[in-house]
S.K.: 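Right, I'll just put the structure down here and ask away after.
Just the heavy atoms: all of them, side chains too, but no hydrogens, waters or symmetry mates, feed the values below.
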Amino acid sequence: MLHDFLKCSGFFGLFGIIWLTSCLGQSREDQLLDSGWEFNLGDAPSQSVTLPHNWGWQDAQQGKPIPRLAASYRRELDVTPLAGRRYFLRFEAASLVADVYLNGEHLGQHRGGFGAFCFEITKQLSATGTNLLAVQVDNSKTPDVAPLAGDFSVYGGLYRPVHLIVTGEENFALTDHGSFGVAWLQTSVSPREAVLDLTAQISNGTRAKTPLKLVATLLDADGNAVASNEQSIALAPRDTAPYYARITVPRPRLWNGRADPYLYKAVVELRSNDGIVDRVEQHLGLRFYSIDPEKGFFLNGRPYHLHGVDRHQDYMNEGWAITDANMDEDVSLLKELGATVVRCAHYQHSDYFYSLCDAAGILVWAEIPQVNIVRDTPEFENTSGNQLFDLIRQNINHPSIFVWSLFNEIGSSSDDPHRELQDLKAVAAGEDPTRPTIAATMTDARPEMNKITEQLGWNIYPGWYNGPKEEYGRMLDARKNTSRHGGFCVSEYGAGANVAQHEEHPAQPKPTGQWHPEEYQAELHEAAWAALKQRPFVWGTFVWCIFDFAVATRHEGGQPGLNDKGLVTRDRKTKKDAFYFYKANWSDQPMIYITSRRFVERTNAVTDVKIYSNTQAPELFVNGISQGARNDGENCVFIWKNITLAPGQNKISARTQAGGQSLTDECSWVLETPK
């Protein structure tokens with residue numbers, strides 16, 4: 001198929017490059033290649049698409065098998081190469097295996113669906129200025145490419161942006177695992193000073209030994225330089241080599257999570273006598289943290305509870321081809337919820353999403369897609385190692401990321417994972433000695449596997465898959481000493497909920513059944529949080545998950561193709577009752593919320609009314625009549641027992657005071673009258 005589309009005639013002609021104007025002497029130019037693509041999936045007719053683009057989400061949303069096969073993308077590049085310039089193609093991701101061709105020449109292959117990759121195209125560009133870029137993308141299940149299993153859909157496509165980048169002949173390396181060629185290690189950070197060690201991978205594209213200056217500067221939020229280092233360097237011909245610099249920042253303003261996510265601007269430049277040769281600018285937050293196995297997580301020397309959610313990069317009618325606006329919305333909802341941490345499951349997420357978390361002060365668990373199964377083969381170990389290199393080198397400068405995760409739920413069907421995990425841990429320690437490794441487990445069948453990483457998360461589901469919801473406390477206590485250093489986090493817990501299904505005081509549903517009432521999910525989370533917050537050795541909690549997401553193989557809860565454990569529906573339109581339970585417990589924003597508001601059609605005249613509020617003494621009204629204020633709430637849950645509804649429509653409202661302001665909420669329930 002690839003050979004055929006490379007020969008395709010009649011494709012050239014309409015789409016060229018609009019160059020960005022370089023600023024202030026900077027020689028690097030970056031152009032999005034988002035339009036002008038032709039796409040072929042299997043034997044289907046060619047169609048015009050824009051990037052980001054993916055296939056398979058349509059099938060997954062209907063509970064149908066996802067096409068897992070090779071597809072092709074192609075477009076014209078109207079680029080005439082100029083002397084003294086170097087040209088690169090950077091792909092932010094392609095699922096799962098990508099082969100890239102320019103003018104029929106194979107530039108290279110990237111194996112793994114979640115990390116960025118980059119190829120230099122300087123030599124392959126045609127002097128005529130007319131070039132054909134072709135990419136074969138294959139999301140077929142492949143023995144050496146994780147994930148080999150998992151309870152999520154694996155779409156195919158160029159689902160993140162593609163860039164054409166132009167630099168001078170000397171630059172910060174772009175082809176080092178798709179990274180930006182610049183790594184800032186926070187060697188030592190305290191309120192007194194921050195010691196930063198910079199490693200810059202610098203590439204010389206000329207045949208001459210080139211003298212330059214490497215200048216590293218840290219700017220505060222107002223643009224003032226607070227620390228810098230300048231040194232003369234000499235680049236060997238045709239080499240890419242690491243260069244080092246140290247910066248010490250006196251009395252730094254610390255990145256302090258949600259309270260004060262302060263970001264500096266880290267600027268690294270290559271300079272010649274004629275000006276700036278290349279420049280990389282990123283935000284950097286200075287912080288230090290630790291985990292005490294008995295007392296929990298500490299940020300900048302102070303206790304800081306990590307409570308948050310897991311997230312997939314999945315959006316209704318978009319699949320993985322989500323936009324910046326989609327990610328803005330997701331982080332806005334995380335902030336509203338009051339989350340202090342997010343686990344980016346089960347693979348590398350977008351650099352843009354990590355950057356949003358940097359700015360929001362939300363800590364990030366970042367991981368590679370070793371889900372359920374690993375294979376004891378050199379090929380699998382090599383590909384997984386490269387996925388870890390991609391993750392760390394591309395994202396090492398994000399202050400929000402605090403752990404590198406090596407696996408999720410490796411089970412009994414997997415080959416022996418121990419040696420591979422030890423090797424991956426060594427890779428992580430060599431790349432970044434400032435952050436610990438972690439893993440999410442669900443079994444103690446291989447107890448030593450759970451102790452390879454410095455930290456450990458447990459995926460537990462009492463009340464859904466494993467016993468009753470009252471088992472949370474016992475299960476937490478039983479796992480206290482299963483990690484390497486003691487203490488652990490709960491990396492997944494939760495229950496499904498269909499916002500169209502309702503029941504008073506529901507029994508525990510069958511997970512694979514068609515009845516997932518919203519009320520049960522909320523009751524489970526109330527029980528879970530009560531147990532979790534009492535145990536400081538549980539240093540972090542992650543609800544599975546923030547949003548419902550498509551899973552082609554699921555047919556449950558009255559909704560095909562959906563994992564419905566989200567606190568918010570997949571389209572982000574409806575926040576479930578459990579969302580407001582956590583908002584009441586986690587957010588500093590005063591709030592009041594009447595639960596079961598979508599349970600409109602009622603048959604019982606006498607019912608309980610439950611309200612979530614983080615204020616004192618909320619008051620309930622039914623049809624304008626006060627049912628009294630309550631101050632006996634536990635974990636922000638207030639219940640009025642045995643409230644009588646009138647036949648027909650009933651107005652349920654709640655009122656409270658906070659900070660001198662009145663807060664209200666209301667909904668309507670209809671009591672059916674006997675016929």
Side-chain angles (χ1 to χ4, degrees), residues 114 147 149-154 297 305-315 320 322 326-327 329-331 333-350 353-354 356-357 360 362-372 391 400-410 438-442 455-465 472 488-497 511 521 524-525 528-529 532 538-551 554 562-570 572 575-576 578-579 581-583 586:
F114 308 100
D151 187 25
F152 58 97
S153 300
V154 177
F297 190 88
H305 195 269
L306 298 187
H307 46 260
V309 293
D310 302 272
R311 172 190 180 264
H312 271 297
Q313 60 174 17
D314 181 87
Y315 203 99
W320 287 352
I322 58 178
N326 295 148
M327 289 182 274
E329 181 180 17
D330 284 3
V331 171
L333 287 165
L334 290 174
K335 292 169 66 177
E336 179 186 348
L337 184 63
T340 59
V341 68
V342 60
R343 178 181 173 217
C344 292
H346 289 298
Y347 37 74
Q348 180 175 334
H349 287 217
S350 165
F353 184 79
Y354 295 144
L356 291 176
C357 292
I362 297 173
L363 284 157
V364 169
W365 163 324
E367 66 187 40
I368 58 173
Q370 292 206 133
V371 183
N372 298 137
L391 176 68
S400 57
I401 295 176
F402 75 104
V403 284
W404 305 116
S405 182
L406 302 187
F407 71 84
N408 177 74
E409 292 190 0
I410 292 178
I438 198 169
T441 192
M442 46 73 73
Q455 301 297 334
L456 183 67
W458 273 95
N459 299 347
I460 62 173
Y461 286 93
W464 196 246
Y465 298 124
Y472 267 97
F488 63 93
C489 71
V490 174
S491 38
E492 293 182 21
Y493 68 103
Q521 183 195 51
L524 179 140
H525 281 292
W529 181 243
L532 290 164
V538 179
W539 54 260
T541 62
F542 299 80
V543 173
W544 188 269
C545 53
I546 180 63
F547 307 114
D548 293 345
F549 61 95
V551 182
R554 282 185 177 259
L562 192 73
N563 186 318
D564 63 358
K565 296 187 188 71
L567 302 179
V568 182
T569 54
R570 189 170 185 240
R572 279 58 168 177
K575 302 164 190 172
K576 303 179 187 180
F579 177 96
F581 168 71
Y582 284 112
K583 181 177 179 179
W586 295 351

S.K.: So, do Asn563 and Asp151 sit near enough that their side-chain heavy atoms are less than 4.5 Å apart?
M.R.: yes
S.K.: How many angstroms lie between CD1 in Ile401 and SG in Cys344, if you round to the nearest 0.5 Å?
M.R.: 7.5 Å
S.K.: List the atom of Ala578, the atom of Gln521, and the distance in Å for their closest heavy-atom pair.
M.R.: CB-OE1, 3.7 Å
S.K.: side-chain contact (heavy atoms from CB on, under 4.5 Å) for Lys575 and Glu336? Distances and angles first, verdict last.
M.R.: CA-CA 11 Å; Lys575 302 164 190 172; Glu336 179 186 348; 2.8 Å; yes
S.K.: For Val342 and Cys357, work out which heavy atoms get closest and say how close.
M.R.: CG1-SG, 4.0 Å
S.K.: Taking the side chain as everything from C-beta on, heavy atoms only, tell me whether Ile546 gets closer than 4.5 Å to Asp310.
M.R.: no
S.K.: Is there a donor-acceptor contact under 3.5 Å from the side chain of Lys576 to the main chain of Gly566?
M.R.: yes
S.K.: Supply the atom-to-atom distance Asp548 CG to Leu562 CG, rounded to the nearest 0.5 angstrom.
M.R.: 4.5 Å
S.K.: Are any side-chain N or O atoms of Ser491 and backbone N or O atoms of Trp458, one a donor and one an acceptor, separated by less than 3.5 Å?
M.R.: yes
S.K.: Show the numbers, then the answer: is there a ring-ring contact (aromatic ring centres under 6.0 Å, His included) between Phe297 and Phe402?
M.R.: CA-CA 11 Å; Phe297 190 88; Phe402 75 104; 5.7 Å; yes
S.K.: Ile410 versus Thr441: any side-chain heavy-atom pair under 4.5 Å?
M.R.: no
S.K.: What distance separates Ile438 CD1 from Leu456 CG, expressed to the nearest 0.5 Å?
M.R.: 7.0 Å
S.K.: Sub-3.5 Å donor-acceptor pair from the side chain of Tyr354 to the main-chain atoms of His349, do we have one?
M.R.: yes
S.K.: Below 4.0 angstrom, N of the basic side chain to O of the carboxylate: do Arg554 and Asp564 qualify?
M.R.: no
S.K.: Within this structure, what is the OG1-CG distance for the pair Thr541 and Leu532, rounded to the nearest 0.5 Å?
M.R.: 6.0 Å
S.K.: Between Arg343 and Glu492, is the closest basic N to carboxylate O distance under 4.0 Å?
M.R.: yes
S.K.: Could you give me the CA-CA distance, side-chain angles and deciding distance for Phe488 and Val538, then say whether side-chain contact (heavy atoms from CB on, under 4.5 Å) is met?
M.R.: CA-CA 5 Å; Phe488 63 93; Val538 179; 4.0 Å; yes
S.K.: Using the test ring pair (Phe, Tyr, Trp, His ring centres under 6.0 Å), find all partners of Trp365 that sit at least two apart in sequence or belong to another chain.
M.R.: Phe542
S.K.: So how far is it from Tyr315 OH to Asn326 CG, rounded to the nearest 0.5 Å?
M.R.: 5.0 Å
S.K.: Check Ala360 against Lys335 and note the closest heavy-atom contact, atom names and distance.
M.R.: CB-CD, 3.9 Å
S.K.: Should Ile368 and Tyr347 count as side-chain neighbours, where that means a heavy-atom distance under 4.5 Å?
M.R.: no
S.K.: Rounded at 0.5 Å granularity, tell me how far OG in Ser405 sits from CD in Gln348.
M.R.: 13.0 Å
S.K.: Val341 and Val364: side-chain contact (heavy atoms from CB on, under 4.5 Å), yes or no, with the steps?
M.R.: CA-CA 6 Å; Val341 68; Val364 169; over 6 Å; no
S.K.: Which class fits the ring pair His305 and Trp529: parallel under 30°, tilted 30 to 60°, perpendicular over 60°?
M.R.: perpendicular
S.K.: Could you check whether Arg311 makes a cation-pi contact with Phe353, meaning its NZ or CZ is under 6.0 Å from the centre of the six-membered ring and within 45° of the ring axis?
M.R.: yes
S.K.: Before we go on, tell me: are the rings of His312 and Trp544 under 6.0 Å apart, centre to centre?
M.R.: yes
S.K.: A side-chain contact here means heavy atoms from C-beta on lying under 4.5 Å apart; do Ile460 and Met442 qualify?
M.R.: no
S.K.: Short question: side chain of Ser153, backbone of Ala550 - any donor-acceptor pair under 3.5 Å?
M.R.: yes
S.K.: Show the nearest heavy-atom pair for residues Pro147 and Val154, with the distance to one decimal.
M.R.: CG-CG2, 4.2 Å
S.K.: Just checking Phe114 against Trp320, ring centres under 6.0 Å apart?
M.R.: yes
S.K.: Can you check whether Gly150's main-chain N or O pairs, donor with acceptor, with Asn372's side chain at less than 3.5 Å?
M.R.: yes
S.K.: Which heavy atom of Tyr465 sits nearest to which heavy atom of Pro511, and what is that distance?
M.R.: CE2-CB, 3.5 Å
S.K.: Please report the shortest heavy-atom distance between Leu406 and Gln370, naming the atom on each side.
M.R.: O-NE2, 3.0 Å
S.K.: Determine whether the side chains of Glu367 and Asn408 contain a donor N or O and an acceptor N or O closer than 3.5 Å.
M.R.: no
S.K.: Output all residues satisfying ring pair (Phe, Tyr, Trp, His ring centres under 6.0 Å) with His525, sequence neighbours left out; order by chain, then residue number.
M.R.: Tyr493, Tyr582
S.K.: Do the side chain of Thr340 and the main chain of His307 share a donor and acceptor less than 3.5 angstrom apart?
M.R.: yes
S.K.: Is there side-chain contact between Cys489 and Leu306, with heavy atoms separated by less than 4.5 Å?
M.R.: no
S.K.: Would a 4.5 Å heavy-atom cut-off, applied to side chains only, mark Asp314 and Phe152 as touching?
M.R.: no
S.K.: Any side-chain heavy atom of Phe547 within less than 4.5 Å of one from Asp330?
M.R.: yes
